Amino acid sequence: MRTKISGTGMSVPDRVVTNHDLAARMETSDEWIQQRTGIKERRYIDPGTLPSDLALEACQRALESAGLEVGDVECIVLATLSSQADFPGTSFFLQDQLGAGEIPCFDLRAQCSGFVYSLSVADAFVRSGTYRRVLVVGCEVHSTGLDISTRGRDVSVIFGDGAGAMLVEANDDPDDPGEILSVRLHAEGKHAKRLWVEAPGSGLSPARFTQEMFDAGLHFPHMEGRFVFKHAVTRMPEVLRETLDIAKVQLEEIDLFLFHQANLRINEYVAGQLEIPSEKCFNNIQRYGNCSAASIPMLLDECVRSGRLQRGQLVSMTSFGSGFSWTSAVARY
Ligand code: UT7
């Protein structure tokens with residue numbers, strides 16, 4: 001049994017936060033942010049909007065584009081590092097809002113690589129005959145967890161809020177070329193603390209969260225930016241090539257390359273190393289910043305809706321993130 005991508009959707013909040021808006025709240029500048037990351041603006045939710053609201057809209061769009069109803073979906077896999085509550089996962093709130101009945105749903109935690117990890121799980125469900133149609137979702141609300149001050153400026157300027165969704169389903173039509181050809185997943189937990197949010201956490205004592213932890217800012221992301229950058233530019237080309245080898249596809253045959261949107265400079269470097277022409281790459285970090293698990297499905301949806309990716313074309317999706325975790329997938333759309 002083959003798995004095909006039958007629908008895509010995305011959702012971002014209306015509120016645009018520019019680099020100038022951030023510069024009003026911390027010592028930074030539009031010039032620094034654009035030069036180092038390529039980001040011009042990102043979106044932040046307004047009070048009252050939930051992560052599951054963004055995920056809901058992305059899923060509804062994915063279902064609409066696939067020509068399917070929510071009743072056709074048999075399982076939901078949602079990737080996030082910014083869960084709506086400590087437990088249960090965001091997927092449970094989404095399942096209820098979607099009106100998806102009692103279908104199984106769960107969150108998958110692999111940070112910026114979470115979407116491709118989830119896609120791999122969904123692909124395995126479909127190939128094994130467990131479920132015919134799975135909604136795969138990436139959903140992040142970073143804005144409520146950032147240190148929007150000079151102390152946190154290295155991390156906070158790069159993140160934004162958004163959600164992306166993909167409907168994958170069994171393809172038993174021999175005339176339909178749509179197929180996820182290969183997915184590779186990797187992780188290296190020894191670097192877990194190079195990019196992490198420590199608190200609240202059950203590894204902490206005497207409690208998961210104390211006033212001291214709050215004062216020390218342990219609830220904000222901490223990142224060794226240069227260290228992460230160096231690993232990203234090494235691991236992404238490695239796993240991309242590995243995935244193509246398994247799929248028996250040449251790099252030159254790929255029509256569209258999508259890279260995780262952590263930093264435009266990382267993606268330019270990776271594309272340069274692999275000698276990928278810039279017209280075969282698509283980035284949206286300039287407008288949305290780094291939306292972690294949501295970045296790849298958001299990119300894919302924008303490419304599908306703008307006609308940048310056509311049925312029958314080959315798309316490569318590659319990510320790197322906290323964990324460390326890195327992944328790549330290649331699909332015939
Ligand atoms: O999505 C998960 C994976 N994440 C990534 O892949 C991110 C990888 N890392 C990066 O993209 C980059 O490391 C950053 C964009 C986060 C930071 O860029 P950098 O070129 O590595 O800067 P840096 O942290 O080494 O800091 C250089 C200087 C420092 O000042 P001094 O010590 O040279 O005086 C920082 O204090 O830039 C300063 N700085 C800033 N200045 C203005 C750090 N952040 C800012 C800022 N505005 N926002």
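Numbering of ligands and ligand atoms starts at 1, following listing order. Being a predicted model, the structure only gives us computed values, none of them experimental.
Under a cutoff of 6.0 Å and an axis angle of 45°, Arg194 and Phe227 form a cation-pi pair.
Ligand 1 places these atoms under 4.0 Å from at least one heavy atom of Met223: 4 (N), 7 (C), 16 (C). Against a heavy-atom cut-off of under 4.0 Å, Asp154 is close to the following atoms of ligand 1: 16 (C), 43 (C), 44 (N).
The pair Arg235-Glu238 counts as a salt bridge, with a side-chain nitrogen and a carboxylate oxygen less than 4.0 angstrom apart.
By heavy-atom distance, the residue among His260, Arg194, Arg226 lying nearest atom 21 (O) of ligand 1 is Arg226.
A donor-acceptor pair shorter than 3.5 Å can be found between the side chains of Ser91 and Asp107.
The ring-ring contact (aromatic ring centres under 6.0 Å, His included) test with His191 is passed by exactly one of Trp326, Phe324, Phe320: Phe324.
Protein heavy atom in closest approach to atom 10 (C) of ligand 1: Asn263 ND2, 3.7 Å. Ranking the protein heavy atoms by distance from atom 19 (P) of ligand 1 puts Arg36 NH1, 3.6 Å first.
A perpendicular orientation is assigned to the rings of Phe209 and His219, their planes being inclined by more than 60° (bins at 30° and 60°).
No heavy atom of Ser322 sits closer than 4.0 Å to any atom of ligand 1.
Between Ser29 and ligand 1, no pair of N/O atoms sits closer than 3.5 Å.
Residue Val155 does not touch ligand 1, judged by heavy-atom distances below 4.0 Å.
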